[in-house]
Amino acid sequence: NAGVTQTPKFQVLKTGQSMTLQCAQDMNHEYMSWYRQDPGMGLRLIHYSVGAGITDQGEVPNGYNVSRSTTEDFPLRLLSAAPSQTSVYFCASRPGTGENSPLHFGNGTRLTVT
Amino acid sequence: GNSVTQMEGPVTLSEEAFLTINCTYTATGYPSLFWYVQYPGEGLQLLLKATKADDKGSNKGFEATYRKETTSFHLEKGSVQVSDSAVYFCALRSNYGQNFVFGPGTRLSVLP
């Protein structure tokens with residue numbers, strides 16, 4: 001099983017550029033989410049989705065957009081990159097919202113904005 | 001709101017030493033509690049979990065007990081190995097919501 005796949009692994013952007021971080025899961029999970037990981041701050045939730053066509057904001061949504069057109073895919077869009085968005089981004093999924101099942105994580109995308 | 005506090009480290013131990021990483025939480029309702037581990041260059045992996053008070057989660061020699069009276073979920077291992085060097089995250093999921101809340105992570109280095 002591939003699990004949760006994130007692409008690219010590394011990306012460098014200039015301030016003001018836009019890009020999309022890709023996330024795909026092959027486990028038929030209803031719930032998907034995006035986190036950013038910054039030193040000393042742990043993981044902070046950016047956006048999440050409880051099913052196709054449904055998305056909602058997390059703790060730090062500003063500057064990011066998401067969509068969920070299929071169960072498998074949950075891309076994260078940076079509309080106009082800023083140096084404050086330099087971080088490691090993780091996509092995570094779990095089977096459903098009503099269970100105590102854990103999150104399954106991708107291997108992350110390291111983004112640098114200059 | 002919900003929150004998780006854990007010792008940030010870094011924690012440096014010699015091989016075969018005893019490990020404790022403290023984790024305390026604040027949450028509404030009756031949360032489920034988790035420990036995740038992150039090896040260099042990788043995503044987070046579930047290490048163990050506990051879903052109700054007094055439950056003990058265990059895996060790969062690691063243990064943690066859900067203590068509702070002290071709102072704690074401390075991670076322990078009796079004898080660490082060099083391969084245990086990683087960052088460890090404590091997390092909770094409230095039964096009132098679907099999202100997880102993570103602590104800041106504790107970096108563990110085990111020296112041979």
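In what follows, chains are A, B, ... by sequence order, proteins preceding strands, each numbered from 1. Basis for what follows: all heavy atoms, side chains included, without hydrogens, waters or symmetry-related copies.
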task = Please answer: with hydrophobic residues joined when any side-chain heavy atoms are less than 4.5 Å apart, are L43(A) and Y31(A) in the same cluster?
result = yes
ask   = Side chain, backbone, both or neither: which part of F89(B) has an atom under 4.5 Å from a heavy atom of chain A?
value = side chain
query = So, do Y48(A) and F74(A) have ring centers that fall under 6.0 Å from each other?
reply = no
request  = Determine the option with the most heavy-atom pairs under 4.5 angstrom with chain B, choosing from Q37(A), H104(A), E59(A).
outcome  = Q37(A)
query = Of the listed residues (G42(A), G108(A), P39(A)), which shares the most heavy-atom pairs with chain B below a 4.5 Å separation?
reply = G42(A)
task = State whether the side chain of T15(A) and the backbone N or O of A82(A) hold a donor-acceptor pair below 3.5 Å, judged by distance alone.
result = no
note = Interface check, chain B: of L103(A), V4(A), N107(A), most non-hydrogen pairs under 4.5 Å belong to L103(A)
Same apolar cluster (I L V M F W Y, side chains within < 4.5 Å links), V50(A)/I46(A) = no
query = Hey, are the side chains of F90(A) and C23(A) touching, using non-hydrogen atoms and a 4.5 Å cut-off?
reply = no
task = Using a cut-off of under 4.5 Å on heavy-atom pairs, state which of V4(B), L44(B), V101(B) scores highest against chain A.
result = L44(B)
key: Region of L45(A) in contact with chain B, defined by heavy-atom distances below 4.5 Å   = side chain
message = Quick check: closest heavy atoms across A52(A) and T70(A), and the distance to 0.1 Å?
response = CB-C, 4.1 Å
ask   = Is it the side chain or the backbone of Q38(B) that comes within 4.5 Å of chain A heavy atoms, both, or neither?
value = side chain
task = Pick whichever of F34(B), Y36(B), F100(B) has the most heavy-atom pairs under 4.5 Å with chain A.
result = F100(B)
